[in-house]
> 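Below you'll find the structure I mean.
Small disclaimer: the values here were computed from a predicted structure and weren't measured. Start at 1 and go down the list; that is how both ligands and their atoms are numbered.
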Amino acid sequence: MYLHGTSTINAQGHLEIGGCDVTSLKETFGTPLYIVDEQLVRQRCREFIDAFKQTGLKYQVAYASKAFCVKAMCLLVEEEGMSLDVVSDGELYTALQAGFPPERIHFHGNNKTPDEIEMAIDARIGCFVVDNLVELHILQAIAAGKGQKVNILLRVTPGVEAHTHEYISTGQTDSKFGFDIGNGSAYEAVKLASSQSNLQLLGLHSHIGSQIFEVDGFQVAAERVAAFAREVHEGLNVVFSVINLGGGFGIRYTEEDTPLQVAEYVKAIAESVRTHFAGIGPELPEIWIEPGRSIIGDAGTTLYTVGTTKDIPGVRKYVSVDGGMTDNPRPALYDAKYEALLANRAGEPETETVSIAGKCCESGDMLIWDVNLPEVNQGDLLAVASTGAYNYSMASNYNRIRRPGVVFVKDGEASLVVRRETYEDIVRNDLVPERIGRQMVSK
Ligand SMILES: *Cc1c(COP(=O)(O)O)cnc(C)c1O
């Protein structure tokens, strides 16, 4: 397994992250446990911010909180000078509870409810990324009712879909998100939005995909959004002060993944904006981007304890751990690949190929197919790398399994930022109606 950030193997052959030996993290916090390398998270934030500083352009880097949204994380990115994207009332509530400055919160989503819109206006968030006409009208009406003027971007689909190693140019975009540039709906939306008395149209937003390893998709998106901005400038005399090019910067899950340095994405984006937006309006727009996975993804490691094994001679050896699709649904959902390490005997040679199974009642509850490890026994500790993004945030209580805790580690100090769920948490919302259970057949 590739060792990210501060991860090392110590003299005892134990995995150590943030100066903390994972065998003692197990003693203190139990397993499964999400471990976050705090220094690596801060380093990723700084890579984005520093790269933008060097461009000399105005910018905002908004952490896409859906990747991992808890109070400590909101405050950490705040401290690093980032803005914050939210997609629901729950994420907004978390950010506000944490004390994140509302003016640096951006609200996304293709179906914001009137209640969510009202909550966000009342909180005086910085910007709504408007996805469709229904939302545009609701937002105008609610803002007018409150006598407020709210900042908006319009989400557009530029007809670029970025995948890991290439982008696909799609003429007409078949997507649930945003206004299509190609079919004229984006133009109509700009016309309408710029005439609404309670909406301040700052600019455009485009997000072309995730786990992207090349810059060309961003360059083509910037070019198309710029061509559209030019058309709007000439046709409607509307000038955009903000261009948001979304997130999707790739990270390393396995050795097959070859992400670029953060600075290379930023440099390419800034150059494209400089080139294509030159001459549209009096000055270049401010660039906003929205990294999620690339801020927190490779800083996370999940620690499990090995339980049972099943060796089918000539076929496969299954090694079961005390978590699974409940704490990491990505392999089951997307066939996502991960690497693992025997964290209590990390120095030993790898002598067998095994597959890592979760403990849920689903044959599809597999975390890793075919990983090379030293001989694995009951009680060993297994570490799975790059689980910081879309793991805790997608975790469930399937099989009524308690969600693990999350610990931030730095300089030998381990601090819980989410405590592990308790049995009480599991039944907290259960109610039993009066008519049920009165005639229990108890002998
Ligand atoms: C999910 C999402 C992001 C973040 O994507 P990552 O792949 O985690 O960087 C950014 N912007 C929007 C609009 C998104 O939906």
> Does a side-chain N-to-carboxylate-O contact under 4.0 Å join Asp257 and Lys337?
no
> Using only heavy-atom distances, determine whether the side chains of Glu223 and Gln219 contain a donor-acceptor pair under 3.5 Å.
no
> As a quick check of understanding, evaluate side chain to side chain donor-acceptor pair (under 3.5 Å) for Tyr304 and Asp327, giving each step before the final call.
CA-CA 11 Å; Tyr304 301 99; Asp327 56 80; 2.4 Å; yes
> Mind checking side chain to side chain donor-acceptor pair (under 3.5 Å) for Thr353 and listing every partner two or more places apart, or none if nothing turns up?
Asn372
> Determine the sole option in Tyr338, Phe213, Tyr334, Tyr2 for which the ring-ring contact (aromatic ring centres under 6.0 Å, His included) test with Tyr253 is passed.
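Going through the options one by one, the only one that passes is Tyr338.
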> For a quick check: using heavy atoms under 4.0 Å, what are the residues in contact with ligand 1, sorted by chain and number?
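Ligand 1 is contacted, at a heavy-atom distance under 4.0 Å, by Ala64, Lys66, His108, Arg155, His205, His207, Ser210, Gly247, Gly248, Glu290, Pro291, Gly292, Arg293, Tyr390.
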> Would you please say whether a donor-acceptor pair under 3.5 Å links the side chains of His163 and Glu161?
yes
